[in-house]
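One structure is given here, and the rest of the page talks about it.
One is the number of the first residue; the rest follow in order along the sequence. The figures that follow rest on heavy atoms only: side chains count, while hydrogens, waters and symmetry mates do not.
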Amino acid sequence: MKFFFAMLGTETNTFAGAPTGRRAFEEYGIYRGDASERASHGIGAFPLFVRRMLEADGHAMVESLCAAAQPGGPTVRAVYEELRDVILDDLRAAMPVDAVLLALHGAMVADGYDDCEGDLLTRIREIVGPEVPVGAELDLHCHVTARMHSAADVIIAFKEYPHIDGEARARELYSILRECAAGRVRPVTAVFGVPMVGLWHTTREPMRGFVTRMQSFEGRDGVLSVSLGHGFPWGDVPDASATLWVVTDDDLPRAQALAEQLAQEFWELRDSISSGPSPLDATLDQALATLRDSGGPVVIGDVADNPGGGAPGDATFILQRLIERGIPDAVLGAFWDLGAVYICRDAGVGARVALRVGGKVGPRSGTPVDMNVRVRAVVDDHDQAGLGSGRLPFGTCVWVESIAENGVPAGLHLLIASVRCQVVAPDAFTGLGLTLADKKLVVVKSTQHFHALFAPIAKAVLYASTPGAITPDFGAIPYRKRSLNYWPRVAQPEIGNRRSC
């Protein structure tokens, strides 16, 4: 069989001030047909995985566009249309194909397009016709629309948060598409919307158990796949919400019954799965108590300044509070501050610099922090391990250490980067020579993806609330397009949005 493959995605925070332009995609690389060869250790790692998976079964892969950007504001219209049209042109040139397999995000918004994935899938369906199976793998922070489901034969979302199962879900999607193309299954989908907005970690109960329960239905009684789209809270689009969908082999009543059953079970969990971050001082108090009892390091998620949610990555609230409380031996990052990077790079390793850090993008970034620092390392083209097989870029990075002057304690170690990216792996720091085991605190600008690789080295993992750009007050997000009939804004919203595809 001949499979057509393309990858395009970004997670859009419609409240972010800065749009996502072409440069944001170029930071990860824009490849047309050769990402699996030219960028196999970066963005091309996933296309390479798909290629190897297909070729191991004797199938061919036509590789098209591979492009992704760090979450930010709505994508510039011309940029989205350019990237979309590359995929469509490549598909026309590749015809006939036996199946289409896409790696998308599910929460991509562009100027003029609230549903980029639905737009792309609809245009792909127009090219391949009704008989060629089309499938898409989505991030679980997706907005699942009727347009997406009507254009695709099967859609599968990640089940894990942090997203450690991208390759497993690709295998699941490929298996269904292969069987569909061979005429051995006929996928049908039932969707049940749940009016909930939030972030739900699958690393702890009861979400851990709910994921296991979803998976327990797959592979029996004609159930091919079960997905829960969590939705992306900071995407103001009409379909922003949690959504449960079930794919069966030509058994729509079974899909409908199971989708409603599991959606109701998820709804009943709402109070027990929605523990949010703690106030900053309470988090620091808990961290210090853990240090006294068990040692360190204690890892703290700076959840409201997570670039992976569209935040700028230059907020100073935690840094400022560590200074005010005189807490040393802490690592913080990654701060997105091009000016600070270039000043330190020009000064060179070992230089003493009077540095102004962070607080530059807007009010939700806090105020800049002035500190005297020693430049400890400068690394061009720095990167970190991703949650899959690829690596994530930070660009030019510097490691600076505070000098004890003007009320600033010694031993505050900052990672400052020229490319905005959340921290997901310890080598974001250790790759510059920073050690973590001897530090009290490690503060990462991330919401949850850091948990997979930091939890094994942490004495405790905590989550701090600050006034950053994606503060998780889900009941007060100022939606204009999305219905306000959702929990937790409304205690008992109307539920029961069903559809079948």
What are the two closest non-hydrogen atoms of Phe192 and Ala263, and how far apart are they? CD2-CB, 3.3 Å
Would you mind reporting whether Trp267 and Pro493 have side-chain heavy atoms less than 4.5 Å apart? yes
d(Leu140 CG, Thr243 OG1) to nearest 0.5 Å is 11.5 Å
I'd like to know if Asp427 pairs up with Arg391 as an ion pair, taking the criterion as any Lys NZ or Arg NE/NH1/NH2 lying under 4.0 Å from an Asp or Glu carboxylate oxygen. yes
Please report the shortest heavy-atom distance between Ala240 and Arg482, naming the atom on each side. O-NE, 2.6 Å
Salt bridge present between Arg169 and Glu172 (N-O < 4.0 angstrom): yes
Is it the case that Asn306 and Thr447 place a side-chain donor and acceptor less than 3.5 Å from each other? yes
Could you give me the CA-CA distance, side-chain angles and deciding distance for His105 and Phe158, then say whether ring-ring contact (aromatic ring centres under 6.0 Å, His included) is met? CA-CA 10 Å; His105 186 281; Phe158 301 158; 8.2 Å; no
One thing to verify: whether Glu218 and Lys159 come together as a salt bridge, which I'm taking to mean a side-chain N less than 4.0 angstrom from a carboxylate O. yes
Between Asp111 and Arg77, is the closest basic N to carboxylate O distance under 4.0 Å? no
Scan side-chain atoms only and decide if Tyr28 and Gln70 contain a donor-acceptor pair under the 3.5 Å cut-off. yes
Between Thr189 (side chain) and Val247 (backbone), is there a donor-acceptor pair under 3.5 Å? no
Note: Arg420-Glu27 ion pair, threshold 4.0 Å (strictly below): no
Specify whether His141 and His230 have parallel, tilted or perpendicular ring planes, treating 30° as the upper limit for parallel and 60° as the lower limit for perpendicular. perpendicular
Can you check whether Leu102 reaches Glu137 side chain to side chain, under 4.5 Å on heavy atoms? no
Might you confirm whether atom CD of Glu37 has over 12 heavy atoms from other residues, nucleotides or ligands at distances under 6.0 Å? no
Any idea how Tyr479 and Phe15 line up, ring-wise: parallel (<30°), tilted (30 to 60°), or perpendicular (>60°)? tilted
Within the 3.5 Å criterion, strictly below it, is a donor on Thr145 or Asp239 matched to an acceptor on the partner's side chain? no
Flag the pair Glu82 / Phe25 as yes when at least one side-chain heavy-atom distance between them is below 4.5 Å, and no otherwise. no
Does Arg254 pair with Asp249 as a salt bridge, N-O distance under 4.0 Å? no
I'd like to check Ser418 versus Phe394 (side-chain heavy atoms, cut-off strictly below 4.5 Å). Are they in contact? no
Glu117/Arg84 ion pair, N-O < 4.0 Å: no
For Phe266 together with Trp200, are the ring centres under 6.0 Å from each other? yes
Before accepting this row, confirm whether a basic side-chain N of the pair Asp305/Lys445 lies closer than 4.0 Å to the acidic partner's carboxylate O. yes
Does a donor on one side chain sit under 3.5 Å from an acceptor on the other, for Thr203 and Gln448? yes
Does the side chain of Arg171 come under 3.5 Å of the side chain of Tyr174 through a donor N or O and an acceptor N or O? no
Can you name the nearest heavy-atom pair linking Leu244 to Met214, along with the distance? CD2-SD, 4.0 Å
Quick check: are there more than 12 heavy atoms from other residues, nucleotides or ligands sitting under 6.0 Å from CD of Glu131? no
Rounded distance [0.5 Å steps], CG in Leu120 versus CG in Leu88: 6.0 Å
Between Tyr113 and Tyr80, is any pair of side-chain heavy atoms under 4.5 Å apart? yes
Decide yes or no for Pro206 and Ser272: does some side-chain heavy atom of the first lie under 4.5 Å from some side-chain heavy atom of the second? yes
Classify the ring geometry between Phe3 and His59 as parallel (under 30°), tilted (30 to 60°) or perpendicular (over 60°). tilted
Could you walk me through whether Thr122 and Arg147 pass side chain to side chain donor-acceptor pair (under 3.5 Å), step by step? CA-CA 7 Å; Thr122 299; Arg147 192 179 188 193; 3.1 Å; yes
Between Cys397 and Val341, is any pair of side-chain heavy atoms under 4.5 Å apart? no
May I ask you to decide if Leu48's main-chain N or O and Ser36's side chain share a donor-acceptor pair within less than 3.5 Å? no
Can you check whether His163 and His449 have ring centres sitting under 6.0 Å from each other? yes
Are Arg22 and Ile30 side-chain neighbours, meaning at least one heavy-atom pair lies under 4.5 Å? yes
